[in-house]
Amino acid sequence: MKLILGSGSPRRKELLAQLGLTPDEIRSPDINEDPLKGELPRPYCARMAREKVLAVPRAEDEIVLCADTTVALGRRIMGKPADEKECAEFLLAMSGRRHKVITAVAVAHGTQVWEQDVVTTVKMKRLSDLEVNSYLASGDWHGKAGGYGIQGPAGAFIPWIQGSYTAVMGLPVAETANLLLAAGYPVYGDGS
Ligand SMILES: Cc1cn([C@H]2C[C@H](O)[C@@H](COP(=O)(O)OP(=O)(O)OP(=O)(O)O)O2)c(=O)[nH]c1=O
């Protein structure tokens, strides 16, 4: 069986490697990521993962894995900031507060889709102007939901999480292994 990673995110490829898995191919999905009117963060995130996995074409002997990571401050969805200004706005909104990071994973094989989402609570310290400006200047925020990456310099802003570190980074490895196994992929070899 061939494993197709339906994601252009380098983090997801890295996290898959943590399971000892190298995708046979990468096929980035291209979907409309605009939230629906009034859509809440968790259903939005689950919908994104499902739409991504259905947007990636697959042959019969292929299994496709997609994910979506959404940062939520209350009911507000914080996507990938368009520019430094928006990123600063996100960081200041999260400063000194807790927010949630949701990562939904979807696996498709044959006619079936297996899905799971993981919700992690993240506490961000109260940020000084110097911390925000230095992080913006690092450029690390580019392409990251909520405008930060826990695995980079912004890790210094996060004293506490409850949930899954790998889910915040983009792919919850424990749940991903289980979904792949459920879909029939030999994560730990075929035992022979
Ligand atoms: C919160 C957070 C997000 N991120 C990243 C992971 C994801 O790449 C990105 C969220 O955007 P996504 O839309 O989930 O994924 P993507 O557009 O990067 O890739 P694809 O749709 O092709 O799979 O934010 C981190 O790397 N670290 C973090 O701490």
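Computed from a predicted structure; not experimentally measured. Read the numbers this way: they start at 1 and go in the same order the structure lists the ligands and their atoms. We number each residue from 1, following the sequence as shown.
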Could you tell me whether some N/O pair between G6 and ligand 1 is separated by less than 3.5 angstrom? no
Report the part of S28 in contact with ligand 1, treating N, CA, C, O as backbone and CB onward as side chain, heavy atoms under 4.0 Å; options are side chain, backbone, both, neither. neither
Just need the protein heavy atom nearest to atom 17 (O) of ligand 1, so name the residue and atom and give the distance. K80 NZ, 2.5 Å
E131 and F157 have their tightest heavy-atom pair at O-CZ, 3.7 Å
G143 heavy atoms, cut-off 4.0 Å: which ligand 1 atoms fall inside? 9 (C), 24 (O)
At a 4.0 Å threshold, what atoms of ligand 1 neighbour a non-hydrogen atom of V168? 1 (C), 2 (C), 3 (C), 27 (N), 28 (C), 29 (O)
Please could you name the atoms of ligand 1 that S9 approaches to less than 4.0 Å, counting only its heavy atoms? 8 (O), 18 (O), 19 (O)
For atom 8 (O) of ligand 1, what's the nearest protein heavy-atom neighbour? Residue, atom name and distance, please. R11 NH2, 2.9 Å
Among R12, K80, K144, find the residue that satisfies the side-chain hydrogen bond (donor to acceptor under 3.5 Å, both in side chains) test when tested with T69. R12
So, is A145 polar-close to ligand 1, with some N/O to N/O distance under 3.5 Å? yes
CZ of R76: more than 12 outside heavy atoms within 6.0 angstrom? yes
Among all protein non-hydrogen atoms, which one is nearest to atom 7 (C) of ligand 1, and what is the separation to 0.1 Å? R12 NH2, 3.8 Å
Residue D129 excluded, over 12 heavy atoms near CG under 6.0 Å: no
Sidechain N-carboxylate O distance under 4.0 Å for K2, E25: no
Here the atoms of ligand 1 under 4.0 Å from any heavy atom belonging to D68 are 13 (O), 14 (O)
Go through it in stages, so that I can follow the logic: the residues are N178 and T176, the test is side-chain hydrogen bond (donor to acceptor under 3.5 Å, both in side chains), and I'd like the CA-CA distance, side-chain angles, deciding distance and then a yes or no. CA-CA 5 Å; N178 284 337; T176 298; over 6 Å; no
Ring centroid separation H99 to F90 under 6.0 Å: no
Okay, side chain of R58, backbone of G110: is any donor-acceptor separation there less than 3.5 Å? yes
Does D24 reach the main-chain N or O of L3 with its side chain, forming a donor-acceptor pair under 3.5 Å? yes
Answer yes or no: does an N/O atom from S7 fall short of 3.5 Å to an N/O atom of ligand 1? yes
Ion pair E62/R27, N-O distance below 4.0 Å: yes
Closest heavy-atom approach to atom 21 (O) of ligand 1 among M169, K13, K52 is made by K52
Which of the ligand 1 atoms, numbered from 1, are nearer than 4.0 Å to a heavy atom of Q151: 25 (C), 26 (O), 27 (N), 28 (C), 29 (O)
Are E89 and K85 close enough for a salt bridge, meaning some N to O gap below 4.0 Å? no
Closer than 4.0 Å to some heavy atom of T69 - which atoms of ligand 1 meet that? 10 (C), 14 (O)
Protein residue, atom and distance nearest to atom 29 (O) of ligand 1, heavy-atom basis: I150 N, 2.7 Å
Identify the protein heavy atom lying closest to atom 22 (O) of ligand 1, giving its residue, its atom name and the separation to 0.1 Å. G8 N, 2.7 Å
Below 4.0 angstrom from a heavy atom of G149, which ligand 1 atoms are there? Numbered from 1 as shown, please. 27 (N), 28 (C), 29 (O)
Tell me which part of M48 gets within contact of ligand 1: side chain, backbone, both or neither, using heavy atoms under 4.0 Å. neither
